Amino acid sequence: MIRIVVDTMPIDASVELALVEALPAGAVATFTGLVRADDGVATLTLEHYPGATEAALRAVAQRAMSRWSLLGATIIHRVGPMHPGDRIVFMAAAAPHRGDALAACAYLIDRLKTDAPFWKQETRGADARWVEARDSDHAAAARWND
Amino acid sequence: MIRIVVDTMPIDASVELALVEALPAGAVATFTGLVRADDGVATLTLEHYPGATEAALRAVAQRAMSRWSLLGATIIHRVGPMHPGDRIVFMAAAAPHRGDALAACAYLIDRLKTDAPFWKQETRGADARWVEARDSDHAAAARWND
Amino acid sequence: MTLRILYFAWVREAVGTGEETVAPPPAVTTVAALVDWLATRSDGHARAFADPTRLRAAVDQSFVALDASILGAGEVAIFPPVTGG
Amino acid sequence: MTLRILYFAWVREAVGTGEETVAPPPAVTTVAALVDWLATRSDGHARAFADPTRLRAAVDQSFVALDASILGAGEVAIFPPVTGG
């Protein structure tokens with residue numbers, strides 16, 4: 001099962017977790033990225049490339065499914081304006097064995113950071129600033145060597 | 001924040017996830033272990049060593065908190081009889097950066113497998129069998145080198 | 001050749017639009033050449049494309065290097081390095 | 001010396017109880033010696049402790065090797081390798 005959602009609606013992690021837990025997997029690893037509540041950002045706005053985004057996320061999930069023994073991979077990414085504490089992204093990998101679930105989950109988020117066309121803009125007071133890409137994200141993605 | 005629960009009640013992953021997400025962390029990784037629904041087990045019963053279990057889980061969480069920059073570590077382990085699809089264990093690590101959250105979450109489950117006094121008994125029909133410890137669990141725990 | 005061009009993030013803000021349809025001359029066969037040609041369309045374009053090392057691109061929704069061909073393409077997107085998740 | 005002994009999993013089932021209080025002789029100063037001594041208490045004890053390589057132990061709730069001392073201990077637990085999670 002591959003589940004990809006890109007939407008302006010808040011991410012319901014309970015619903016998403018229940019969907020992957022319903023697979024007869026045994027092991028489910030998840031990662032949630034949240035708007036940081038402690039660095040003065042009032043609004044975080046995610047822009048994306050409709051169509052290309054979903055295709056990129058699906059390609060990442062498919063590579064994870066073929067690389068590890070997974071029963072399911074989920075990537076939910078919110079777009080539009082968000083506020084501190086909101087979920088930006090939720091991903092989950094379900095597998096018979098925990099090693100596969102944990103590694104695939106880390107892979108999904110590392111690859112998403114470099115492969116999917118999203119752009120973050122932070123608003124602090126009157127100041128709106130586009131977030132710069134980080135070298136550490138490319139290093140994290142490169143370690144998967146695919 | 002360290003949160004340790006050992007209880008016969010079903011694990012509410014939504015509530016547990018909400019508790020770690022409430023920290024100003026940015027990144028939350030979780031792992032859920034479920035009773036496999038596909039290998040003929042009718043009932044899985046978890047026995048534990050009351051008092052020593054909680055202390056062992058707290059020690060694992062504390063080592064994770066000191067090894068990575070975490071804002072929180074949660075380990076919830078169910079005990080008593082369970083059925084296919086039930087959650088056996090839920091763990092979560094919250095951190096400012098995803099690498100810390102993901103690594104700490106993997107550490108929590110690897111160490112729990114070897115360090116905490118739980119024992120699994122599987123019932124298939126009339127046959128009740130104690131699960132044997134696996135060498136792969138010791139290998140997984142040993143890679144953390146602590 | 002008519003080409004749909006998409007811009008995202010600060011590239012979109014600098015150009016002043018998220019989308020435009022253009023007809024570059026036949027000599028424009030790569031993304032890099034397209035970017036150079038687009039830069040002449042307005043001050044905003046020029047500002048957006050001043051430093052090509054800060055730009056990334058997709059041709060027909062596939063990520064490509066700036067020296068990639070645009071021959072036969074219907075859609076080219078130009079944007080900064082991605083920052084999702 | 002009075003000692004509280006706890007058994008878990010198949011060790012508990014073989015012994016036939018999860019807990020007992022015993023007073024081992026002064027010569028019994030390690031977990032291994034305690035296990036040997038307990039093995040003489042019943043056929044169930046003997047069966048449970050037949051292969052010490054399958055046993056693990058905790059003294060006052062700390063995991064220890066079988067050659068660990070029990071001097072001054074109030075509680076010793078004997079059980080199979082753990083299989084949680």
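What's counted below: heavy atoms across the whole structure, side chains too, no hydrogens, waters or symmetry copies. Keep in mind that this is a model prediction, so the values were computed, not measured.
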Show your working on side-chain contact (heavy atoms from CB on, under 4.5 Å) between A/F31 and B/L102 and close with a plain yes or no. CA-CA 8 Å; A/F31 177 81; B/L102 291 162; 4.0 Å; yes
Could you look at [X] and say if it's the side chain, the backbone, both or neither that has a heavy atom under 4.5 Å from chain B?
| X | answer |
| --- | --- |
| A/A25 | backbone |
| A/D12 | neither |
| A/P96 | both |

Among B/T32, B/I109, B/V89, the one residue meeting side chain to side chain contact (heavy atoms under 4.5 Å, CB included) with A/R98: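 So, applying the side chain to side chain contact (heavy atoms under 4.5 Å, CB included) to A/R98 and each of B/T32, B/I109, B/V89, only B/I109 qualifies.
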A/D135 CG: over 12 foreign heavy atoms closer than 6.0 Å: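 Count not over threshold, so no.
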Portion of B/D86 that has a non-hydrogen atom of chain A nearer than 4.5 angstrom: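 Looking at B/D86, nothing touches chain A.
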Restricting to non-hydrogen atoms, name the atom on B/A13 and the atom on A/L17 that form the minimum distance, rounded to 0.1 Å.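 Taking every non-hydrogen atom into account, CB-CD2, 3.5 Å.
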Best-contacting candidate, A/A18, A/G26, A/A92, A/P84, against chain B by heavy atom pairs under 4.5 angstrom: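 Between A/A18, A/G26, A/A92, A/P84, the count favours A/G26.
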